[in-house]
Every structure is written in C-alpha cells, then in structure tokens.
Protein chains: 2
Amino acid sequence: MGRPKQFDEEAAVAQAMEVFWTNGYAGSSPAELAEAAGIGKGSLYHAFGSKRELFGRALELYDRAGAAFAEEFLAAPGSTKERVRAYLRLLVDVDFDAPVRRGCLAVNTALELGGRDEGATAAVRRAVERSADLLAARIERGKLDGDVPAAVDATEQARFLMVTLAGLRVTARIFDRETVHAAIDTAVAHL
Amino acid sequence: MGRPKQFDEEAAVAQAMEVFWTNGYAGSSPAELAEAAGIGKGSLYHAFGSKRELFGRALELYDRAGAAFAEEFLAAPGSTKERVRAYLRLLVDVDFDAPVRRGCLAVNTALELGGRDEGATAAVRRAVERSADLLAARIERGKLDGDVPAAVDATEQARFLMVTLAGLRVTARIFDRETVHAAIDTAVAHL
DNA sequence: GTAGTTCTTGAACCAGAGGTCAAATACGTG
DNA sequence: CACGTATTTGACCTCTGGTTCAAGAACTAC
C-alpha cells in the first residue's frame with residue numbers, strides 16, 4: 001500500500017529541533033527545516049501538516065530527551081549539592097562550548113511564544129514541571145542520605161532552582177563563563 | 001533651515017520601545033513602528049536610518065528609564081529585604097496586570113539577539129550591570145543600617161539577584177502569579 | 001519670489017516567508 | 001501488468017518584510 005516513507009520521521013523531528021533551538025520558531029523557515037531533515041518542503045508539509053505542528057513535535061522530543069538526561073545525571077554518585085551544581089554547570093558549559101550560543105529551547109520558547117501560543121506555553125510548563133519534579137526527588141533523596149537538612153522544602157527549592165536555571169540560561173547568552181559559574185556557586189550555596 | 005520635524009523623536013523612540021517590547025525585534029515591522037509613532041515609514045527611516053538603529057535607541061531608553069525607576073524605588077523606606085522583595089514583586093506584577101505579557105525587554109533581547117548581535121548583546125550587558133550595581137549599593141547600605149549581615153558579599157548577591165530576576169521574568173511568561181511570588185519569597189529568604 | 005535645505009509621504013522594489021499542488025515515483029494486490 | 005494508494009518533489013502562489021526613492025511640503029535667507 002502506497003510508496004514507503006523515505007525518511008525517518010523521528011530523525012526529521014530531531015533535526016528540526018536543532019534548527020528551532022538555534023534560530024527560534026519564527027526564525028526557522030520551512031526551507032531550512034526541510035533541508036536539515038534532508039527532504040523537500042512538500043514532504044515536510046505532507047508528514048507534519050504545518051510548521052507549528054512540527055515545532056510541537058520538536059518541543060516534545062526536547063522535553064523527553066532532557067528529562068531522560070537529567071534523571072540519569074542526577075542519580076550519579078555524589079552529594080546532592082555536588083550533583084545539582086554539576087548539573088547546572090554542565091548545562092551552561094555545553095552552551096559555552098557550542099559554536100553558537102542557543103540557550104535552552106524551553107526557555108527560548110517561553111519567551112518567544114509564552115502567553116501567545118497556548119499549546120507551546122503548556123508544553124514548556126510541562127517540561128519545567130517535569131524537571132522540577134526530578135530535582136525535588138533528588139533533594140528528597142538527599143534528606144534520606146543525610147545530605148540535606150530535613151527542614152528543607154524539596155518542592156520549593158526545586159522550583160526555585162528551575163527559576164534560577166532559566167536565569168542562568170539567559171545570563172549565559174550575554175555574559176562569560178566565569179560570571180555564570182560564580183552565579184551557580186551562589187545558587188547552590190543556599191541549598 | 002529646512003522643514004521642521006513634525007514629531008518628537010524621543011516620543012517616537014518611546015513608542016517604538018513599546019512595540020519592540022511587546023513583539024520582539026524581528027516581530028516588529030517598520031509599518032507597525034511607524035504607525036505607533038504616528039508617522040510614515042519614510043519619516044521613520046529618515047530619522048533613524050534603520051530598524052536596527054531605532055532598536056538601539058529603544059534599548060537605551062529602556063535602560064535609562066529602568067535604572068531611574070530602580071534607583072528611586074530601592075531608596076524608599078524599609079529594610080533591604082523588604083525593598084528588594086517589593087522590587088521583584090512589582091516587576092512581575094506589572095507584567096501580570098498588563099493586557100499582554102511581554103516580560104522584560106532586556107531579557108527578551110538577550111534571548112533573541114544575545115550572541116548574534118554584538119551591539120545588542122553589549123547594550124543588554126550594560127543594562128544588567130547597571131541594575132546589579134544599584135542592587136549592590138542597596139545591599140551595602142543595608143549593611144550600614146544593620147539590615148544585612150556584614151559578611152554578605154553585596155556584589156555577589158546583587159549579581160545573583162539579577163540572574164534570579166531574569167529567571168522570574170521567564171517564569172512569569174508561563175506560570176501564574178502565585179508560583180512566581182513563591183519563587184520571589186524563596187529568593188529573598190537567602191539574603 | 002527664488003534658492004537651498006530639511007522633512008514627509010506613499011508608491012515601488014526585491015527577497016523571502018509559509019503553504020499548496022499537479023505530476024512523478026514506488027510500493028501491494030488481483 | 002494495471003490499478004489504487006501513499007509519498008516525494010520543485011514549481012508556484014500570495015503576502016509581508018525591510019528598505020529606497022521621487023515627488024511634494026514647510027521653513028530660512030536673500
């Protein structure tokens with residue numbers, strides 16, 4: 001039945017994610033997206049319907065991949081404070097080491113589409129909540145490990161860390177690595 | 001000499017600032033900018049040269065106005081913690097009360113142009129540093145007032161507050177007022 | 001009034017955006 | 001092999017963006 005798909009849809013979404021991440025939603029043209037995926041514009045529209053829907057898929061992928069990574073990274077050996085500090089540093093360092101500073105797709109999207117596009121807003125909110133939950137779980141574990149004072153409100157701290165993380169991503173776009181690292185140290189000192 | 005200007009240049013910049021603030025740099029068309037300023041497109045180009053130059057003027061105005069406001073607000077009576085908390089709350093509340101959530105022009109610009117446009121990046125950096133200096137000065141005063149422990153590093157805390165503020169601006173785009181207020185309380189608790 | 005200068009304006013320009021479509025292509029089935 | 005179906009493609013369409021420009025309008029100096 002019918003001609004078989006000549007490309008992997010998930011791979012195309014992954015490529016699209018890179019483009020959106022680098023250039024933003026409005027800044028990514030169908031032509032670029034199609035070229036990055038190695039297919040024609042027509043195929044892209046046939047497979048995904050619209051640029052907006054493709055973006056939705058890209059956001060979803062970003063969320064899943066990010067959460068999987070965070071879960072694994074936070075579980076590695078070390079104290080809570082050490083792990084959280086390493087996590088924050090890694091995220092900004094990846095950006096500093098990259099050829100082009102693109103920040104975080106979720107943060108970028110929050111600013112570009114937050115409040116204007118209901119679906120995108122909700123998707124970003126879900127992604128942030130998911131990461132906050134992972135951090136909260138890690139802090140709770142820290143309490144069991146005797147790492148973190150029992151009086152600490154894990155959820156509150158986790159949410160605040162997500163706010164801080166967003167701020168770090170923004171700051172990393174305009175300041176240098178040392179400045180951002182210093183801010184991270186201040187942030188985790190409070191834990 | 002020649003026909004007199006029929007509009008106030010500074011007022012036009014102020015209107016442009018509003019448009020850029022609401023729609024972003026790329027999202028603001030010359031047509032919109034001209035209409036907001038109440039002049040023709042040609043006049044706009046005659047007076048400002050290009051969209052980019054007009055944006056530079058708008059950023060400059062935003063910086064000046066923001067710094068003037070912060071200076072006055074932080075100097076009002078109250079403890080350091082109270083004033084800083086009120087400052088952060090005011091900034092996000094203005095956004096929540098506005099018909100459309102537009103965040104902070106400096107943060108928006110950091111994300112949209114940071115790393116891509118050298119001039120814009122530097123302008124935002126200057127604006128952030130200026131605000132950080134005002135906060136640091138307020139914290140130093142707090143030390144004199146006996147408000148803030150003498151051991152606190154005012155510069156470090158001020159920089160961290162700016163990171164937090166950026167994060168709050170991002171968060172305010174996707175979460176509700178209560179969530180953001182809670183984050184502010186967590187932030188100032190550390191002071 | 002004429003000249004010279006500066007400002008204003010809408011029309012016009014080109015490039016690129018987002019999206020559609022008819023034709024061509026590759027499969028399974030009878 | 002003919003046929004129905006699903007996919008691919010680049011040409012094509014319309015709309016808007018950022019910018020330029022020629023013409024006119026308002027002023028000063030002579």
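Since this is a predicted model, take the numbers as computed values, not measurements. Below, read A as the first sequence line, B as the second, and so on, with proteins coming before strands; counting in each chain starts at 1.
The listed nucleotides are C:dG18, C:dT8, D:dT9; the one nearest the side chain of A:Lys51 is C:dG18. Closest to the side chain of B:Lys5, out of D:dG18, C:dC7, C:dT9, is C:dC7.
Within the 4.0 Å cut-off from OP1 or OP2 of D:dT7, not a single side-chain nitrogen or oxygen of A:Ser43 is found.
Atoms CZ (B:Phe7) and P (D:dA25) sit 19 Å apart, rounded to a whole Å. For the pair B:Asp8 CG and C:dC7 P, the computed distance is 14 Å after rounding to whole Å. Between the C1' atom of C:dT8 and the CG atom of B:Leu44 lies a distance of 12 Å, rounded to the nearest Å. In this structure, B:Glu32 places its CD atom 7 Å from P of D:dG17, rounding to the nearest Å. When the P atom of C:dA11 is taken as reference, atom NE2 of B:His46 falls 20 Å away, rounded to whole Å. Protein atom CD of A:Glu35 is 11 Å distant from nucleotide atom P of D:dG10, rounded to whole Å. Separating the CD atom of B:Glu53 from the P atom of D:dT19 is a distance of 9 Å, rounded to the nearest angstrom. A straight line from CZ of B:Arg3 to P of D:dG24 spans 14 Å, rounded to a whole angstrom.
Within the nucleic acid shown, B:Pro30 comes within 4.0 Å of at least one base atom, counting heavy atoms only. At a threshold of 4.0 angstrom between heavy atoms, the contacts of A:Ser29 are confined to the sugar-phosphate backbone, with no base atom among them.
The closest donor-acceptor contact from the side chain of B:Arg125 to the backbone of A:Ile174 lies under 3.5 Å. A donor-acceptor pair under 3.5 Å links the side-chain atoms of A:Thr121 to the main chain of A:Asp117, judged by distance alone. Within the 3.5 Å criterion, the main-chain N or O of A:Leu111 finds a donor-acceptor partner in the side chain of B:Arg173.
DNA chain D is contacted by both B:Gln6 and B:Ala31; B:Ala31 maps to the nucleotide lying nearer its 5′ end (nearest heavy atom per residue). Each of B:Ala26 and B:Pro4 lies near DNA chain D, and the nucleotide nearest B:Ala26 is the one positioned closer to the 5' end.
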Inset, instruction - Show your working on side chain to side chain donor-acceptor pair (under 3.5 Å) between B:Arg138 and B:Thr80 and close with a plain yes or no. - result: CA-CA 7 Å; B:Arg138 185 61 185 79; B:Thr80 303; 3.0 Å; yes
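At a cut-off of 3.5 angstrom, counting only N and O atoms as typed in the model, there is a donor on one side and an acceptor on the other between the side-chain of B:Lys41 and the base of D:dT19.
More than 12 heavy-atom neighbours from other residues, nucleotides or ligands sit within 6.0 angstrom of CD on B:Glu9.
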